[in-house]
Amino acid sequence: MAYEVVIGLEAHAQLLTASKMFCGCSTAFGAAPNTQTCPVCLGMPGVLPVVNQKAVEFAIRTGLALNCTMAPMNRFARKNYFYPDLPKGYQISQYELPICEDGWVEIGQNGTAKRIRIRRAHLEEDAGKNLHTGIAGASHVDLNRAGTPLLEIVTEPDMRSPDEAVAYLKKLRDILVYLEVCDGNMEEGSLRCEPNLSLRQAGSEEFGTKVELKNINSFKFAKAAMEYEIKRQTKVLSEGGKIVQETRLWDPEKGETAVMRSKEEAHDYRYFPEPDLVRLRITPEMVEEVRKALPEMPEAMHKRFVEEYGLTDYVASVLTTDKKTAEYFETAIKTAVEAGFSKSKVEISQDIANWITIELRGLQNKFNFELTVAGASYTVENPVSHEGVSRVQITPEKWLPLFAMKKKGEISGPTAKMVLEKVVATGSSAEKIVKDEGLTQVSDEGALEKMIDEVMAKNPQQLTQYRSGKEQVFGFFVGQVMKASGGKANPAKVNELLKRKLAG
Ligand code: ADP
Ligand code: MG
Ligand code: ZN
């Protein structure tokens, strides 16, 4: 029996507002437990929530990027359930009138582009965190996260494979990060996803019973959990069994999903309109204002990179898949032109793009730093005193002079790459490193000729071979001269001089 996979995705994005959804408490991560709380987010009786305007603006911004319609009138609702991390006994969410509806996102490239429909996106508040480690026999509750604004984004069941679902999820994350509404960090839980997955007989019109998957904090786990679930459901169905509608938890250690709870229905939550908040009116003017202030999105940036910097489609897409990389690239170009390293943006764009996407990316894995608009930086243990930490800044100014040095023949290509690594490792400038370590290439003809003479004197046999027509020996001489110079000879100059000298 052939089965078709059907997937719909629910995602929760923590919004990057400074304060919480319904009170003024800070949303900053990492503070001591329960220090960022107040009577509102602690769920004390008699207090009233106030809607965070910035969160509404971020929801509209996201709705616009997801091609949604913004409901002119929307309403908050209470979703009632009991859990220790939810002190009010209900979560303020949206139910029958969500803020954004009926949108779509395109995944895949030109030839294989496919639209994934967005059913809705609604505002709600996050819960606190239960902590089960630290004191034996006890669990603790940290309510700093309680009340953090969330946007829940729900698709139609339009995806037909785990790869499609992951492509959608990546696209969604890019959009949220470009919009500056969510940091997109799945490991830290600021973007969480719950795939719903079912199987049906190929060709069937009806959907099968779905299972919801939780506890997924990376693209890798999302794919693995869905693949496991396809195998499990295929086995159940082909043995004549039935799929039970339930929520299953992904266990990354075992590589399996296991039942968490049987599926709750909407009526289990006794949704009702939130009586403490008036309806939220979204006017066309509000939407227009947000639209006018939308940041540049990946497609637009891609197009601009091709036009403004003369990059190929491919290089532009590599640079713009990550907003921070794209911003770092633009900072580097601007610096190169302003500081006179290059006459025009186009002249140096390819070199800079290569260095960022190949050399710096390679070093990123080794040194674990991030590229940002202000430059790249990372924290290291103080290399000298081993006391405390210091920040290593890798601004484009520090490595851009390497291009000019290479062009002038002062350093070789391999030396330039080696110096770049030292820039990243130490935060020193390339110019200082080249000077301090005496890495300047030898281009001086007199010095080079002297080396060549010595090499020729030491290798009379090869010289005879070359002069009797065995031209392959030329490479041997180049190698010997480079070696004699400690790798610092200018290879182009060596070639030129050798040709002349060997000819006799
Ligand atoms: P529930 O009421 O159980 O939460 P919803 O209809 O709200 O279910 O859908 C939740 C998510 O599950 C949506 O993303 C939707 O696209 C997806 N979904 C719904 N039915 C199926 C199905 N049969 N197979 C896979 N995904 C589904
Ligand atoms: Mg649901
Ligand atoms: Zn509060």
Side-chain angles (χ1 to χ4, degrees), residues 3-12 17-28 31 34-44 47-52 55 66 79 81 86-88 92-96 98 101-105 115-122 124-128 142-149 152-162 164-165 168-169 172 192-201 204-214 222 225-226 229-230 233 237 242-248 261-269 271:
Y3 294 108
E4 184 183 37
V5 181
V6 174
I7 302 168
L9 239 131
E10 293 167 281
H12 287 87
T17 55
S19 60
K20 293 187 181 180
M21 187 67 221
F22 300 111
C23 62
C25 291
S26 164
T27 53
N34 298 309
T35 54
Q36 292 175 166
T37 55
C38 73
V40 174
C41 54
L42 289 174
M44 298 294 173
V47 296
L48 289 172
V50 177
V51 174
N52 182 330
L66 300 179
K79 181 178 180 180
Y81 66 93
L86 188 74
K88 290 201 294 287
I92 305 181
S93 180
Q94 294 190 300
Y95 185 53
E96 82 294 14
E101 282 183 298
D102 297 332
W104 51 266
V105 164
R115 275 189 185 184
I116 306 299
R117 288 170 300 160
I118 304 293
R119 181 184 291 176
R120 59 186 278 153
H122 68 252
E124 59 185 30
E125 56 178 337
D126 211 343
D142 176 7
L143 293 171
N144 283 350
R145 199 180 68 179
T148 297
E152 176 171 345
I153 302 156
V154 184
T155 75
E156 292 296 338
D158 284 351
M159 288 150 277
R160 294 291 174 268
S161 68
E164 266 185 22
Y168 161 77
L169 193 59
L172 178 66
R192 309 191 276 264
C193 84
E194 282 126 42
N196 291 263
L197 190 147
S198 65
L199 299 184
R200 65 177 172 188
Q201 282 180 26
S204 156
E205 293 280 306
E206 260 169 61
F207 288 136
T209 304
K210 74 177 160 72
V211 157
E212 180 172 339
L213 304 175
K214 281 196 190 283
M226 287 185 273
E229 198 50 30
I230 292 169
Q233 292 187 19
L237 291 174
K242 274 206 161 84
I243 301 299
V244 180
Q245 183 167 332
E246 61 196 3
T247 302
R248 297 177 70 91
R261 57 171 185 243
S262 69
K263 180 64 195 181
E264 70 286 354
E265 301 286 341
H267 63 247
D268 293 329
Y269 290 119
Y271 276 103

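We count ligands from 1, going down the list as the structure has it; atoms in each ligand are counted the same way.
The closest donor-acceptor contact from the side chain of N52 to the backbone of S19 lies under 3.5 Å. In this structure, the side chain of E229 does not engage the main chain of P195 through any donor-acceptor pair within 3.5 Å. At distances below 3.5 Å, not a single donor-acceptor pair connects side-chain atoms of R248 with backbone N or O atoms of L213. Here the side chain of D126 pairs no donor or acceptor atom with the backbone of G147 at under 3.5 angstrom. Counting only distance, with no hydrogens or angles, the side chain of K20 and the backbone of E125 share no donor-acceptor pair below 3.5 Å. Formation of a donor-acceptor pair under 3.5 Å by the T155 side chain with backbone atoms of L9 is found in this model.
Checked by distance only, ligand 1 and K210 come closer than 3.5 Å through their nitrogen or oxygen atoms. For ligand 1, the polar-atom distance check finds no N/O of E10 at less than 3.5 Å from any of the ligand's N/O atoms. Checking only distances, E212 never comes within under 3.5 Å of ligand 1, N or O to N or O. Taking only nitrogen or oxygen atoms, main chain and side chain alike, I7 does not reach within less than 3.5 Å of ligand 1.
In the candidate list M159, Q245, R120, R119, R119 is nearest to atom 7 (O) of ligand 1, counting heavy atoms. Proximity annotation for atom 23 (N) of ligand 1: of G208, P195, P157, G208 comes nearest, heavy atoms only.
Set against the non-hydrogen atoms of F207, the atoms of ligand 1 under 4.0 Å away are 23 (N). When each atom of ligand 1 is checked for a heavy atom of G8 under 4.0 Å away, the hits are 14 (O), 16 (O), 17 (C), 26 (N). With ligand atoms numbered from 1 in the order given, ligand 1 contributes 24 (N), 25 (C) to contacts under 4.0 Å with heavy atoms of V6. Contact atoms of ligand 1 toward E156: 16 (O) (distance under 4.0 Å to a heavy atom of the residue). With ligand atoms numbered from 1 in the order given, ligand 1 contributes 14 (O) to contacts under 4.0 Å with heavy atoms of L9.
Salt bridge annotation for R200-E206: absent, with no cationic side-chain nitrogen under 4.0 angstrom from a carboxylate oxygen. Ion pair E194/K214 flagged as a salt bridge, since at least one NZ, NE, NH1 or NH2 atom sits closer than 4.0 Å to an Asp/Glu carboxylate oxygen.
Under 4.0 angstrom from ligand 1, the non-hydrogen atoms of V154 all belong to its side chain.
The angle C41:SG - the Zn ion (ligand 3) - C25:SG amounts to 110°, with values rounded to 10 degrees.
Below 30°, between 30° and 60°, or above 60°: for Y271 and Y95 the angle between ring planes is below 30°, a parallel geometry.
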